[in-house]
Amino acid sequence: MEKITTIDSTAIPIMRDNIDTDILIPKQFLKNILKTGYGKNLFYDWRYEKPNKPNPDFILNKPERQGAEILISGENFGCGSSREHAVWALKDWGFRVVIAGGYSDIFYMNSTKNGLLAIILPKDEREFLAQAPADAKITVDLPNQEVRYAGKTFHFDIDPLWKHKFVNGLDDIGITMNYEQQIEDYEAKIPSFN
Amino acid sequence: MSKTMFDKIWDKHVITGEPGEPQLIYVDLQLVHEVTSPQAFEGLRENHRKVRRPDKTFATMDHNVPTKDIFNVQDAIARKQIDTLKKNTDEFGVRLAGMGDEDQGIVHVIGPQLGLTQPGMVIVCGDSHTSTHGAFGSIAFGIGTSEVEHVLATQTIWQTKPKTMGIHVHGKLPKGVFAKDIIMGIIAQEGVAFGVGYAAEFYGDTIRDMSMEGRMTICNMAVEGGAKMGNIQPDQKTFDYVSGRKYAPKNMAKAIEYWKQFTTDDESAYDKIIDFDVSDLAPYVSWGTNPGMAIPVTGDFPAIKDEDDQKAYDYIGLKPGDKPKDIPIQWAFFGSCTNGRLSDLKIAAQYMKGHHIANGVTAWVVPGSRTVKEQAEKIGIDQIFKDAGCEWREPGCSACLAMNPDQVPAGVHCASTTNRNFEGRQGVGARTHLASPAMVAAATINGHFVDIRKEQI
Ligand code: SF4
């Protein structure tokens, strides 16, 4: 998994509450065989007027917004079905951080498994960040658990275990590989019946 | 303190971690199929990882296989998943029983059939009916795609140990009543969530006297009662079943010696006990849209007590007070990992022999594996089904989940030997009625369900 320490990036605000996984990636796009390729259909129903005809007014389609790695949103982000594809789609589009008022448990767990940093900030702080112009950079400093912009610093909480995972770029598999010796010892003791 | 079989197997597999927290558990066997594995292999590739133990991994194709014309996969996505599994297993050195292979079949049918499934093991697969393998005295459960990748890479999985529940099944099974009726009866009595958070162990004289196939049917559907795992202690029947199979241990005597330790000390070891007497059990039929919405064939459909019931009746097109015999059966499906084994087809054929299916009924017989198909053909069962007017098809999951062209049409009532009667499960708008193979055979002949204990068919 890609490490996340400090990210300086422009941001995209989509300040709606209860953005569910169906909005993030509708079910007709789930039948893929990869974890990648979902980005073009992220926010599909909002993003396209007709198949293949982007809605020029939707923020993700605006030329000046391309390349943003931070998504700012409302309460209860990622609710609905458990599909891991929602996280894959955000990552594939290029987001590395989401800043919202809260997340569904399953979405949050899926984000930790896939290297998407999901931060919780209160509404007034998110609204302040959402005002940032398209070319303004916001700093997400994970080691210090801070989001900084325009002279202001907002603190966020994160479970030490998840922080450790992100800062060191460890996925679950990476963490388990720290137990390689124990696994080998175990394998040496498995009885053989051949 | 006394321990359950489950405790003993679990304890033997812990690599690190304390009870009550996630523990790292060693996995002895991972079964892989085409639908839940592509992203897992892709993840390995992205991170330059290998499959740690290809020798403890076995892949097959089942969910997407069209069972009419097996080599003509018309659905582009299905074909892509099938081709991808072939490519992935080649690249990562995993054994594959692909389409047309003599070992191909539903993942939960071929595991036991090939002797891959053995007592004392921890077995996982990206499919919830992995509980089936618990019938051999193993710990077996379904996992998600990230977990599939984790097991491929490390041969281990992080899990929090569930509580244990003993399900005491006792009494002599009446004629015409089968393992399927027992598990449907338990779920109808206890509800679809009674097993959440538990590993369920079935025990008692009924289980002891039951065939391995029957035991598999019971453990298969444990998950429909919310239990991620269903187990049965291994005994001589288990050992005899495994013995001599393709991937069975070469030194069986030594293996059996080891397996014999996996017993439950006494009933005080369970966190909870359920009692189920089968002496007066009737055949069961599901009327609604979850497996708990089922009644004895002699019963009436229940009154509407909540919104779920209302929705179920709206979908299924029946009403309270109706009886199973009032369901106009237009379709029948024999197969799946619940009831797609040779013994299931044999029983259905017994009822089918010398009869013809009712007018207007379409009946599909889909063997659980290629071996089941070949064995059935050898003893002439295929001919009995064909003579009765059924379609004899290729092995796969087929209309159990209708991922391929194998779909039941909208509005049609289907008598089915499968395990799930959810809305849309067998096709958009399809109406599923779960029952045992014998009950489905009788319903196919009569065009409606009958009480096979009584009626001459
Ligand atoms: S037969 Fe049905 S329940 Fe069994 S593995 Fe296939 S789809 Fe799942």
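Values below: all heavy atoms of this structure, side chains included; hydrogens, waters and symmetry mates excluded. None of the values given here were measured: they were computed from a predicted structure. So that the names make sense, note that chain A is the first sequence line, chain B the second, and so on, each numbered from 1.
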Query raised in the report: Side chain, backbone, both or neither: which part of B:T154 has a non-hydrogen atom closer than 4.5 Å to chain A?
Result: both
Query raised in the report: Regarding B:W10 and B:Q23, is there a side-chain donor-to-acceptor distance under 3.5 Å anywhere?
Result: yes
**Report entry** A:D171 versus chain B, the contacting section by heavy-atom distance below 4.5 Å
**Finding:** side chain
Report task. Select one option (side chain, backbone, both, neither) describing which atoms of A:S192 are under 4.5 Å from chain B's heavy atoms. Result -> backbone
Query - Any side-chain donor near an acceptor of the partner, B:Q118 and B:Y247, under 3.5 Å - result: no
Query raised in the report: Given the options B:R53, B:R49, B:E34, B:H13, which has more heavy-atom pairs under 4.5 Å with chain A than any of the others?
Result: B:R49
Report summary line: Assert top hit (heavy-atom pairs under 4.5 Å, partner chain B, pool A:M177, A:K113, A:E187) equals A:E187
Report task. Assess the side chains of A:K163 and A:Q145: does a donor N or O sit below 3.5 Å from an acceptor N or O? Result -> yes
Report task. Say whether B:T130 and B:D127, considering side chains only, have a donor N or O and an acceptor N or O under 3.5 Å apart. Result -> no
Query raised in the report: In terms of heavy-atom pairs under 4.5 Å, which option from B:E149, B:Q155, B:K80 contacts chain A the most?
Result: B:E149
Query raised in the report: Given the options B:N47, B:T145, B:V151, B:T84, which has more heavy-atom pairs under 4.5 Å with chain A than any of the others?
Result: B:T84
Query raised in the report: In terms of heavy-atom proximity below 4.5 Å to chain A, should B:E46 be classed as side chain, backbone, both, or neither?
Result: side chain
Report task. Look at B:E257, B:R52, B:Q81, B:K254 and state which one has the largest set of heavy-atom pairs under 4.5 Å with chain A. Result -> B:R52
Query raised in the report: Does a donor on one side chain and an acceptor on the other come within less than 3.5 Å for A:D8 and A:T139?
Result: yes
Requested in this report: Look at the rings of A:Y108 and A:Y103 and say which category their plane angle falls in: under 30° parallel, 30 to 60° tilted, over 60° perpendicular.
Outcome: tilted
Query raised in the report: In terms of heavy-atom proximity below 4.5 Å to chain A, should B:S146 be classed as side chain, backbone, both, or neither?
Result: both
Report task. Measure from NZ or CZ of A:K152 to the centre of the six-membered ring of A:F128, then state whether that distance is under 6.0 Å and the direction lies within 45° of the axis. Result -> yes
Requested in this report: Hey, can you tell me if A:Y38 and A:H85 have their rings parallel, tilted or perpendicular (30° and 60° cut-offs)?
Outcome: perpendicular
**Report entry** Contacting moiety of B:E42, where chain A heavy atoms sit under 4.5 Å
**Finding:** side chain
Report task. Taking atom types as modelled, find out whether B:T60 and B:R95 have a side-chain donor-acceptor pair closer than 3.5 angstrom. Result -> no
Report summary line: Counting heavy-atom pairs under 4.5 angstrom with chain B, the leader among A:T36, A:I183, A:D172 is A:I183
Report task. Please state whether the side chain, the backbone, both or neither of A:E184 comes within less than 4.5 Å of a heavy atom of chain B. Result -> both
